[in-house]
Amino acid sequence: MQERERLLEIEDLKVEYITDSGVVHAVNGVSFGLDHGEIIGIVGETGAGKTTIALSIMRLLQTPPARMAGGSIRLGGTDILKESKKNMRQIRGKKVSMIFQDPMTALNPLETVGAQVEEVILIHEKLSRVDARKKAVEILEMVGIKGERFQDYPSQFSGGMKQRIVIAIALACRPELLIADEPTTALDVTIQNQVLALIRNLKNELNTSVILITHDLGIVAEMCEKVAVIYAGEIVEFGEIAQIYDHTLHPYTRGLFGSIPNINATADRLQPIPGSMHDPRIEKKGCVFADRCAIRQECCEKEKPELSAAGEGHYVRCFFAS
Amino acid sequence: MNSKVETRDLKKYFQTPTGTLHAVDGVSLKIGERQTLGVVGESGCGKSTLGRLIIKLLGNTDGSLFFDGKDITNIDKKELRELRWKMQMIFQDPYSSVNPRMTVSQIIAEPLKIQNKLTGSEREERVEELMKTVGLDSRYRMTYPHELDGGRRQRISIARALALNPSFIVCDEPVSALDVSIQAQILNLLKDLQDQFGMTFLFISHNLAVVKYISHSIMVMYLGVSVEQCQTEELFGNPLHPYTRALLSAVPVADIHHQKKEIAIKGELTSPINPPPGCRFAPRCPCSSERCFQETPKQKEVKKGHLVACHLYE
């Protein structure tokens, strides 16, 4: 494989939410990088901080209640967290764009889908209306929406089609980075397949880098090259897909694999992770996963394990994972 | 084997401004005592409507319905009230299916209160017992649902469903809103409850892996009709209907060595409003012929216990 250039570098990102009942430590020192044309999966459960990371990259977090408590996000040389609001408007849509879980709410119901694709192009590119329209039609056709439906409204499309339109808007200006936050969770499995294939093809054709946020380990296996497993705002395991799936190290990652029924095997019994995620308002001294962990020892409650190398490019945050 | 629940050619049509919506269009099924029938299909295929018909939350348009061998298609209100003690439902969204203004113990005690057979202190004892059964710590008795996470909330609705010792429960996507680690806890709980109390389940889900894990037999639905029905191992080992095959091939598998044999199906679900004659799946089917667009295939037993509705197997 040829050497690829670094596109995104997140270092020690910390995000908090200030709430009436205390400070929620949503993201707690997350670092990872992404090359051009690479797909990385971020896996974790509700409240793990996946979406907060995505919205931080987009600078779409509302502050307050959110507070960027530290770290940096560098996208192709620019430090996103230090950019002005005005510059961010140039970056969003042009360099990085995001697709959301629910295509039903991501589109404006009162505007035709064509106009919504055209709008992004008009904002970011110096094109005449006619050319912008031409380009919008092209992009819609690329995602499989016929040009003659340009003047239709979102309500006239099904869920899968709407997600295609959302993807068309996200890709209209050929961003270098696409963040897909649970892009197929609201879709049926046969439609999900079509949308995933579309993202994969676009990545291959346009060399777009993709951050795919999902809770579905099956989708990650199909789509991603690298995986970050995130729990309670921290990366607990990071590595190439083969490392994570075939040499699973962290007890939480193992727990995730033990929790999903496999369609290819007959399991007598699933092995769920006991308990549920701890209250993110309470900062934990030791390992964030300790109270649900099967192999915890005394030191886990007292000291926080570092994310340390367990192999070439494989990192794990656990004292006893081996 | 005696069947606990049976439907014969069950139909439910809804009148809409644009025509008649065939939500459930002639479904026949049998669920054996202490068995779980999984119903899979994509959104809009009528699986939830089917669940509601069987538990009589909705009246059917045509066909008949049997419970414990008794025809309950046209029973009166009083009989239905008593029947409801035996059949319960668990809903998908644990956030909206419990009353936010009631405490956990009030929610679980509600069916007992309505049944009015127990005294106050007996009820409290029963609530305690139920909470233990579903794995809810008794310290949550006085808390409100919003203070608990999704998994615990789903445990509340399971405890409520169990309160009157039902023999049959319709579970409508009970784990779809939950995280995978919690999902596994709830699935194991449902399995244990079935072993412990000998209950019969109708388990509705869009997730094939989940259905495979929990069900003894499976029915695959497409646009209001059952396209395939058989034992679980048979369905996964020997899927016959082109839709079932496509569905199985589309599931992402959490194994990087899994060789995906993709059977792409074109387009999306067609409208269930005034459906044209012929097979419902024909417009998307990779194997469809002219006949499929003219003649509706009947569900036939092609192998012992394996029912398929497809012209390929005639």
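Keep in mind it's a predicted model, so treat the numbers as computed, not measured. Every heavy atom of this structure was used, including side-chain atoms; hydrogens, water molecules and symmetry mates were not. Sequence lines set the chain letters: A, B, ... in the order given, protein chains first and strands last, and positions in each chain run from 1.
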Relative to chain B, which segment of A:I260 carries a heavy atom at a distance below 4.5 Å: side chain, backbone, both, or neither? side chain
Does any heavy atom of chain B fall under 4.5 Å from the side chain of A:E222, the backbone, both, or neither of them? side chain
So which of A:T185, A:L256, A:L217 has the largest heavy-atom pair count under 4.5 angstrom toward chain B? A:L217
Of the backbone (N, CA, C, O) and the side chain (C-beta and beyond), which part of B:D255 lies under 4.5 Å from a heavy atom of chain A, both, or neither? backbone
List the atom of A:P261, the atom of B:Y213, and the distance in Å for their closest heavy-atom pair. CB-CB, 3.8 Å
Contact summary for B:A184 and A:P272, nearest pair of heavy atoms: CB-CB, 3.4 Å
Structural part of A:Y252 lying under 4.5 Å from a heavy atom of chain B: neither
Minimum heavy-atom distance between B:S181 and A:S259, given as atom pair plus value: CA-OG, 3.6 Å
For a side chain to side chain contact (heavy atoms under 4.5 Å, CB included) check, start with the C-alpha distance between A:D246 and B:H257, then their side-chain angles and the critical distance, and finish with the verdict. CA-CA 9 Å; A:D246 289 348; B:H257 306 291; 2.6 Å; yes
Which atoms of A:V220 come close to chain B, meaning under 4.5 Å heavy atom to heavy atom: side chain ones, backbone ones, both, or neither? neither
Flag yes if more than 12 heavy atoms outside B:F236 fall under 6.0 Å of its CZ atom; otherwise flag no. yes
Looking at every non-hydrogen atom in both residues, tell me the closest pair between B:E42 and A:V189 and how far apart they are. OE2-N, 3.8 Å
Minimal non-hydrogen separation, A:R292 against B:I182, with atom names: NH2-CD1, 4.3 Å
Toward chain A, the part of B:L208 with a non-hydrogen atom under 4.5 Å: both
Is there side-chain contact between A:M223 and B:P252, with heavy atoms separated by less than 4.5 Å? no
Find the distance between CG (A:N264) and CD (B:Q259) and round it off to the nearest 0.5 Å. 11.0 Å
Which bit of B:D149 is near chain A, if near means a heavy-atom gap under 4.5 Å: side chain, backbone, both or neither? side chain
So, the part of B:D137 with a heavy atom under 4.5 Å from chain A: the answer is neither
Nearest-0.5 Å distance, SG of residue A:C224 to CD1 of residue B:I256: 11.5 Å
Chain A contact via B:Q183 - which portion, at a heavy-atom distance below 4.5 Å: side chain
Give the C-alpha distance, both sets of side-chain angles, the deciding distance and a yes or no for side chain to side chain contact (heavy atoms under 4.5 Å, CB included) between A:R269 and B:D192. CA-CA 10 Å; A:R269 207 166 167 79; B:D192 292 343; 3.0 Å; yes
Between B:D179 and A:E45, the two heavy atoms sitting closest are CB-OE1, 3.0 Å
Tell me, for A:M277 versus chain B, whether the close heavy atoms (under 4.5 Å) come from the side chain, the backbone, both or neither. neither
Just by distance, do the side chain of B:N188 and the backbone of A:L270 share a donor-acceptor pair under 3.5 Å? yes
For the backbone of A:G275 and the side chain of B:Q185, can you confirm whether one donor and one acceptor N or O come within less than 3.5 Å of each other? yes
Part of A:A197 within contact of chain B (heavy atom distance under 4.5 Å): neither
